[in-house]
Amino acid sequence: MKQHHEGNLAIGDLQKDILKEVGNIGAGNAANALSQLIGKKITMNVPDVHLSAFNEIMELAGGTENVVASVFLTFSGDVSGTMFFVLPVFEATKFVQELVPEDFSFAEPPFSELAVSAYQEIGNIMAGSYLTALSDFLHLQITPSVPEVAIDMFGAIISFGLIEISRVADYALAIDAEIIVEDSKQVTETMRGHIFLLPSPDSLTRIFSQLGVQDV
Amino acid sequence: MKTAGTIIQVGIADMNIARAPDTLRTSGLGSCVGVVLYDLSQKQAGMAHIMLPDSSLARQKSLNRAKYADTAIPALIEMLEKAGSPYWKLKAKLAGGAQMFKAYGAGQLMRIGPRNVEAVKRHLHALEIPIVAADVGGNSGRTIQFNPETGELVIRTVNKGISVI
């Protein structure tokens, strides 16, 4: 079987559909967990699978310089990679205010320690439920790291997930699930966020072989 | 008549050169380092957005020279020499190399931001290119823009505003 560590991350339509389904299962479970946490309906679009140059990955979620609140973690085990939960700062503030009855904002420092740790915990629950669903689906062992919060430019954040991949390639594969938090009282005020999963190139081979699909 | 220059965007793991009135810009530097080599007499400069400290980390057949500190600096020098700036005229400014996440990075990628900065400084030193100014480290992302006319590097961060070095 061809390995994905010679700068070749190319995948076909079937492989792309499989990764969409992987994202669907993982992010769907994550959306349910977050929905239970804040007591609001959270829906999700069918995830996109981007196989894109680094510059294009940096432009996802509103662009390189878009200021976002993010939770970042790595995962290891049978498959490895990085994960990001990304919300624009005002939406992250609203999200956390559902849980922390304190007056704070992620739009300007200093950031409330309580709010940051609540956001970290939200990321922890999100990632845990995403990866548990993946682990069950793939019958593979996956262990997440302790998540960390950063509030900064999207490009400066997501580029951390590109560092390891950059040893192998000049483009990355990102499974991008957009989640939408609906407010039953104010229908117009929806919050949109992204969950990005960037599997390491070696892990793609493992995922496909586990599902009985050949690499392209 | 003086015309406003074009802003030349330098992407991640990318490099380019520009002559005044054009300026060079790269955005969203996290652990990456933006290095600028410039020649004020010719009013021209080159910029690279470096991701990794050394090309020995590569597991790739074809090497993108702009990605690594040890290959990007010589590549920029070549581009500038072809454009009429001998390397002994060049000076350097750099920014970036933040530690966006504290715990992240195991093995070869541990402390990648500071290591990128160290590598860039080491290679510039070996080539005897003076580092005129640097804004490196910390834990904030940066967007930088360089003006080859004045030699000024403008640095924007989300939480600390704009500074000029």
Side-chain angles (χ1 to χ4, degrees), chain A residues 3-9 53-59 61 63-74 76 80 82 84 89 106-111 120 145-172 200-202, chain B residues 9-14 25-34 49-68 95-113 115-116 138-144 156-161:
Chain A
Q3 294 288 313
H4 279 280
H5 52 56
E6 288 292 342
N8 182 8
L9 282 165
F54 291 159
N55 281 329
E56 292 166 276
I57 301 278
M58 303 265 280
E59 292 300 329
T64 307
E65 292 186 78
N66 189 30
V67 183
V68 297
S70 70
V71 184
F72 161 81
L73 63 131
T74 61
S76 56
S80 62
T82 56
F84 297 85
V89 279
F106 286 139
E108 246 179 275
F111 305 121
Q120 185 180 8
S145 71
V146 176
E148 287 189 57
V149 172
I151 297 155
D152 214 304
M153 299 175 191
F154 176 68
I157 288 166
I158 198 80
S159 61
F160 248 68
L162 304 176
I163 298 290
E164 177 72 50
I165 300 167
S166 77
R167 297 176 61 192
V168 185
D170 289 296
Y171 49 97
S200 72
D202 296 345
Chain B
Q9 297 284 348
V10 176
I12 187 169
D14 189 15
R25 186 174 195 274
T26 197
S27 51
L29 287 166
S31 61
C32 298
V33 172
H49 184 137
I50 290 164
M51 293 184 85
L52 290 165
D54 201 276
S55 56
S56 65
L57 290 164
R59 291 194 291 149
Q60 229 176 338
K61 275 178 191 155
S62 61
L63 198 71
N64 172 3
R65 295 177 78 191
K67 203 191 292 178
Y68 311 94
Q99 188 83 328
M100 302 296 296
F101 300 97
K102 291 172 207 78
Y104 175 62
Q108 290 179 295
L109 297 182
M110 195 135 50
R111 294 177 60 250
I112 197 71
R115 282 178 49 207
N116 279 334
N139 51 18
S140 291
R142 296 169 173 91
T143 285
I144 61 171
R156 194 177 78 79
T157 60
V158 170
N159 297 323
K160 289 172 210 135

- Query: Could you walk me through whether A/Ile157 and B/Phe101 pass the side chain to side chain contact (heavy atoms under 4.5 Å, CB included) check?
  - Reply: CA-CA 9 Å; A/Ile157 288 166; B/Phe101 300 97; 3.9 Å; yes
- Note on the structure: In this structure, CZ of B/Arg59 is separated from CG of A/Asp202 (nearest 0.5 Å) by 5.5 Å
- Query: Can you name the nearest heavy-atom pair linking B/Arg156 to A/Met153, along with the distance?
  - Reply: O-CE, 3.4 Å
- Query: By a 4.5 Å heavy-atom criterion (distance strictly below it), what part of B/Arg142 contacts chain A: side chain, backbone, both, or neither?
  - Reply: backbone
- Heavy-atom closest contact (B/Gly28 atom, A/Ser159 atom, distance): O-OG, 4.3 Å
- Message: What verdict does the side chain to side chain contact (heavy atoms under 4.5 Å, CB included) test give for A/Phe54 and B/Met51, after you've listed the backbone C-alpha separation in whole Å, the side-chain angles of each residue and the deciding distance to 0.1 Å?
- Response: CA-CA 11 Å; A/Phe54 291 159; B/Met51 293 184 85; 3.8 Å; yes
- What part of B/Thr157 is in contact with chain A, defined as an atom under 4.5 angstrom from a non-hydrogen atom: side chain, backbone, both or neither? backbone
- Task: Locate the shortest heavy-atom distance separating B/Gly141 from A/Ala156; write the atom from each residue and the value.
- Result: CA-CB, 3.7 Å
- Is a side-chain donor or acceptor of A/Asn55 paired with a backbone partner of B/Gly11 at a separation under 3.5 angstrom? no
- Search all heavy atoms of A/Ser166 against all heavy atoms of B/Tyr68 and return the closest pair with its distance. O-OH, 3.8 Å
- Query: Side chain, backbone, both or neither: which part of A/Leu162 has an atom under 4.5 Å from a heavy atom of chain B?
  - Reply: both
- Sort A/Ser76 into side chain, backbone, both or neither according to what part of it lies under 4.5 angstrom from a heavy atom of chain B. neither
- Can you tell me how far CD1 of A/Ile163 sits from CD1 of B/Ile112, rounded to the nearest 0.5 angstrom? 6.0 Å
- Message: So for A/Ser145, is it side chain, backbone, both, or neither that comes closer than 4.5 Å to the heavy atoms of chain B?
- Response: neither
- Task: For chain A, find which of B/Gly96, B/Ser27, B/Ser62, B/Ala98 contributes the most heavy-atom pairs closer than 4.5 angstrom.
- Result: B/Ser27
- Report the distance from atom CD1 of A/Ile158 to atom CD1 of B/Ile12, rounding to the nearest 0.5 Å. 10.5 Å
